[in-house]
Amino acid sequence: PPRSTLFPYTTLFRSLRVQYLASVAAGDYQNAFLATLAQNLPRDLGAGFTTIGPHREDFAITFNGAEMSSIASRGETRTAVLAFKLAELAYQEQLTGQSPLFLLDDVFSELDSSRRSRLINLLGGHQTIITTTDADAVLRAVTQPHGVIRTKLAHVAVAAPKPKRAARKKKSGAANG
């Protein structure tokens, strides 16, 4: 989706940059990775886990030349991460021709109501599971055809989504009989 559908403040993200921080030298990743694994084997055996590799790698996200974590609010950071997740979703759909199950954990905690509504609308055509500790925020944002399943102490209840408001018809001067 275009940035403007999720972000009303697109100027904030115009200079967004993402850099992949590999745990081995760029270039011939496979051979560098295997060599580093062999070099680190004694340390990894002592630690009980592999200390390098994709599971230990990260991304550096900057905008306007500054590290995002140092200048963005938590809501702005969460919104940028959601943009990447939505791009990943679109990429997977394009790559496989199928819509994957989309999992979002506590996604509403730092989004304002406007961004919550935009996100719900963007997810309308996707099977999505959203976990949250603020069910009321979800219920305020969710309308048909979305559904909500509430759980509480191993009890599951399906909550009916609120219907969309139909446009009111103006009453004419004639009496309806």
Side-chain angles (χ1 to χ4, degrees), residues 1-14 16-23 47-63 66-166:
R3 285 186 291 195
S4 61
T5 51
L6 185 58
F7 310 119
Y9 311 107
T10 56
T11 56
L12 176 68
F13 296 100
R14 284 196 178 137
L16 188 68
R17 300 287 179 258
V18 179
Q19 179 184 6
Y20 183 67
L21 304 174
S23 57
F49 59 89
T50 307
T51 57
I52 64 141
H55 65 292
R56 306 289 291 180
E57 295 171 354
D58 208 349
F59 294 93
I61 303 173
T62 60
F63 62 83
E67 204 172 298
M68 188 167 187
S69 61
S70 65
I71 62 172
S73 72
R74 292 176 65 124
E76 291 166 339
T77 301
R78 177 68 59 113
T79 301
V81 170
L82 280 171
F84 289 117
K85 298 302 290 177
L86 291 167
E88 180 183 18
L89 178 68
Y91 175 73
Q92 287 295 325
E93 287 177 334
Q94 183 180 17
L95 186 67
T96 66
Q98 298 179 357
S99 182
L101 176 64
F102 200 49
L103 305 173
L104 296 170
D105 183 33
D106 200 24
V107 71
F108 287 143
S109 64
E110 289 155 10
L111 295 179
D112 59 36
S113 61
S114 174
R115 285 191 174 110
R116 288 176 184 168
S117 294
R118 285 188 185 100
L119 178 61
I120 290 295
N121 289 333
L122 286 170
L123 296 175
H126 301 89
Q127 184 178 1
T128 306
I129 296 176
I130 300 173
T131 64
T132 184
T133 56
D134 187 2
D136 291 333
V138 175
L139 291 173
R140 284 189 299 271
V142 172
T143 59
Q144 293 176 336
H146 311 289
V148 175
I149 299 174
R150 292 180 135 188
T151 61
K152 185 174 183 178
L153 299 173
H155 174 74
V156 177
V158 177
K162 62 184 177 188
K164 288 188 177 182
R165 291 184 179 180

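These values consider heavy atoms only, across backbone and side chains, with no hydrogens, waters or symmetry-generated copies.
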Asker: With a 4.5 Å limit on heavy-atom distance, are the side chains of L123 and L86 in contact?
Answerer: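 When only atoms from C-beta onward are counted, L86 and L123 do touch, with a gap below 4.5 Å.
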Asker: Measuring from T79:OG1 to D112:CG, what's the distance to the nearest 0.5 Å?
Answerer: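 Those atoms lie 7.5 Å apart.
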Asker: Give me the atom names and distance for the closest heavy-atom approach of F59 to L21.
Answerer: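 For F59 and L21, the tightest heavy-atom pair comes out as C-CD1, 4.1 Å.
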Asker: Could you give the distance from CD1 (I120) to OG1 (T128), rounded to the nearest 0.5 Å?
Answerer: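 Reported value, rounded in 0.5 Å steps: 8.0 Å.
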Asker: I need the I61 CD1 to T77 OG1 distance, nearest 0.5 Å.
Answerer: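 Between atom CD1 of I61 and atom OG1 of T77 there are 8.0 Å.
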Asker: State whether the number of non-hydrogen atoms from other residues, nucleotides or ligands found under 6.0 Å of Y91 atom OH is greater than 12.
Answerer: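 Count not over threshold, so no.
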Asker: Can you find a pair of side-chain heavy atoms, one from L119 and one from I130, that are under 4.5 Å apart?
Answerer: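 The answer is no, as the side chains (C-beta and beyond) never meet within the 4.5 Å cut-off.
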Asker: Measuring only between side-chain heavy atoms, which start at C-beta, is R78 closer than 4.5 Å to R115?
Answerer: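 Answer no - side chains too far apart.
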Asker: Quick one: OG on S69 to CZ on R74, what's the gap to the nearest 0.5 Å?
Answerer: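 The CZ atom of R74 is 12.0 Å from OG of S69, to the nearest 0.5 Å.
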Asker: Determine yes or no for a side-chain-to-main-chain donor-acceptor pair under 3.5 angstrom, with R116 supplying the side chain and L111 the backbone.
Answerer: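 Looks like yes, one N/O pair under 3.5 Å.
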Asker: Could you state the interatomic distance from NE2 (H126) to CG (L104), rounded to the nearest 0.5 Å?
Answerer: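 CG of L104 is found 11.0 Å from NE2 of H126.
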Asker: Using only heavy-atom distances, determine whether the side chains of Q98 and T96 contain a donor-acceptor pair under 3.5 Å.
Answerer: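 The answer is no; no qualifying pair exists.
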Asker: Distance from I129 atom CD1 to D105 atom CG, nearest 0.5 Å?
Answerer: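 Here the rounded value is 11.5 Å.
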Asker: Taking all atoms of both residues into account, what is the closest heavy-atom pair of G53 and S23, and its distance?
Answerer: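 That closest heavy-atom pairing would be N-OG, 3.0 Å.
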